[in-house]
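Protein chains get the first letters and strands the later ones, always in sequence-line order, with residue 1 at the start of each.
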Protein chains: 2
Amino acid sequence: METAVTALSALAQETRLAIFRALMRAHAPEEGKGGLAAGEIASALDVAPATLSFHLKELLHAGLVVQRREGRSLIYKADLAAMHGLTAYLIDDCCQGACGSLSPCVPGRAEAECV
Amino acid sequence: METAVTALSALAQETRLAIFRALMRAHAPEEGKGGLAAGEIASALDVAPATLSFHLKELLHAGLVVQRREGRSLIYKADLAAMHGLTAYLIDDCCQGACGSLSPCVPGRAEAECV
DNA sequence: TCCATATTTTGACTATTATAAAAATAATGA
DNA sequence: TCATTATTTTTATAATAGTCAAAATATGGA
């Protein structure tokens with residue numbers, strides 16, 4: 001639950017959610033590919049460098065993004081597995097499957113319970 | 001996105017997430033049934049009345065729970081549709097389907113992208 | 001109407017979070 | 001090595017969130 005609270009807190013902020021969405025759009029499944037440089041995010045979202053850095057650290061700390069260096073740039077990339085962990089927690093643990101968006105697909109889940 | 005941030009903020013707190021989980025366990029699909037009285041939540045989670053009330057208002061404001069009166073008690077109940085809205089937002093909009101826990105079930109979603 | 005119960009609101013306080021300017025660090029190329 | 005670019009860290013400040021005692025409100029029953 002602590003992990004979930006940390007991840008939820010990380011996404012529960014306008015700027016950070018916008019950052020994460022931008023990173024999802026720039027995502028590539030291949031290791032070492034995809035993601036955005038801090039500077040690219042800063043100009044795309046019009047956020048002051050220090051402020052952006054603060055938010056990126058927050059997302060990093062929550063494990064929702066990973067960081068790699070490419071020359072002078074630090075590239076940030078969304079961590080799909082972490083995000084999956086969060087949605088899985090919300091749907092399966094928190095809601096016991098009763099609120100999953102894709103509920104009907106899962107065997108053993110009552111269709112009637114699917115919202 | 002504003003709605004999502006509000007909902008995420010509501011759940012991004014130990015006590016509130018615990019409240020919501022308790023309400024999910026006490027859920028019943030029928031209108032006017034299920035949920036927990038404020039007092040029941042307070043004793044179950046050992047939270048001071050005023051503090052609990054503050055958190056319940058937060059969840060109410062986020063639309064994640066609904067309230068009904070039964071005699072002297074106020075019964076709080078999780079709103080499944082709202083929770084579905086949140087998970088759907090995270091999976092479909094925020095992640096464009098790439099991080100859904102139940103991803104493979106949805107037609108048109110690439111199996112390879114499913115975590 | 002008066003009392004007891006259930007819960008919320010108010011108010012005061014502490015803690016955490018967000019912002020951004022300025023200084024520090026890291027990498028590259030001249 | 002020095003200048004340049006990219007980014008983080010430090011530091012200060014402002015804003016928001018969490019806690020809880022005490023007072024207020026709402027309901028039901030004697």
Side-chain angles (χ1 to χ4, degrees), chain A residues 1-23 26 32 34-78, chain B residues 1-23 26 32 34-78:
Chain A
M1 184 164 113
E2 200 184 316
T3 311
V5 169
T6 307
L8 289 166
S9 300
L11 295 176
Q13 209 274 355
E14 288 270 351
T15 305
R16 283 196 298 265
L17 188 53
I19 292 170
F20 189 81
R21 286 176 12 114
L23 292 181
L36 293 172
E40 292 177 304
I41 304 172
S43 53
L45 302 181
D46 196 31
V47 177
T51 304
L52 178 75
S53 197
F54 166 81
H55 288 308
L56 287 172
K57 195 160 69 173
E58 225 44 30
L59 288 166
L60 213 45
H61 172 245
L64 289 169
V65 307
V66 295
Q67 193 188 45
R68 72 174 186 272
R69 183 173 279 278
E70 262 177 34
R72 311 179 195 186
S73 297
L74 281 169
I75 313 284
Y76 288 87
K77 184 177 171 179
Chain B
M1 184 163 115
E2 200 185 316
T3 311
V5 169
T6 307
L8 289 166
S9 300
L11 295 176
Q13 209 273 356
E14 288 269 352
T15 305
R16 283 196 299 266
L17 188 53
I19 293 170
F20 189 81
R21 286 176 14 114
L23 292 181
L36 293 171
E40 293 177 303
I41 304 171
S43 52
L45 302 181
D46 195 34
V47 177
T51 304
L52 178 75
S53 196
F54 167 81
H55 288 308
L56 286 172
K57 194 160 71 172
E58 223 48 28
L59 288 166
L60 213 46
H61 173 246
L64 289 169
V65 306
V66 295
Q67 195 190 43
R68 72 175 187 271
R69 184 173 278 277
E70 262 176 36
R72 309 179 197 189
S73 298
L74 281 170
I75 313 284
Y76 288 87
K77 185 177 170 180

OP1 or OP2 of [N] sitting under 4.0 Å from any side-chain N/O of [X]?
X        : N       : value
Arg16(B) : dA17(D) : no
Tyr76(A) : dA6(D)  : no
Ser73(B) : dT27(D) : no

For Ala42(B), report the nucleic acid contact type (base, sugar-phosphate, nothing); a contact means any heavy atom under 4.0 Å.
nothing
Between the main-chain N or O of [Y] and the side-chain N or O of [X], is there a donor-acceptor pair closer than 3.5 Å?
X        : Y        : answer
Arg21(A) : Leu23(A) : no
Arg16(B) : Leu59(B) : no
Ser53(A) : Pro49(A) : no

Find the distance Gln13(A):CD to dT16(D):P and express it as a whole number of Å.
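Taking atom P of dT16(D) as the reference, CD of Gln13(A) is at 12 Å.
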At what distance, to the nearest 0.5 angstrom, does CD1 of Ile19(B) lie from CG of Leu56(B)?
5.0 Å
Of Glu58(A) and Gly71(A), the one whose closest DNA chain C nucleotide lies more 5'
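On the 5' side of the pair lies Glu58(A).
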Taking the side chain of Leu74(B) as heavy atoms from C-beta outward, which of dT7(C), dT7(D), dT19(C) is closest to it?
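Minimum distance to the Leu74(B) side chain belongs to dT7(C).
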Could you identify which residues of residues 47-56 of chain B place a heavy atom less than 4.0 Å from some atom of DNA chain C, listed by residue number, or say none?
Pro49(B), Ala50(B), Ser53(B)
Which heavy atom of Ala7(A) sits nearest to which heavy atom of Ala62(A), and what is that distance?
CA-CB, 4.1 Å
Is the shortest heavy-atom distance from the side chain of Thr51(B) to the side chain of Thr15(B) under 4.5 Å?
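Side-chain contact under 4.5 Å: no.
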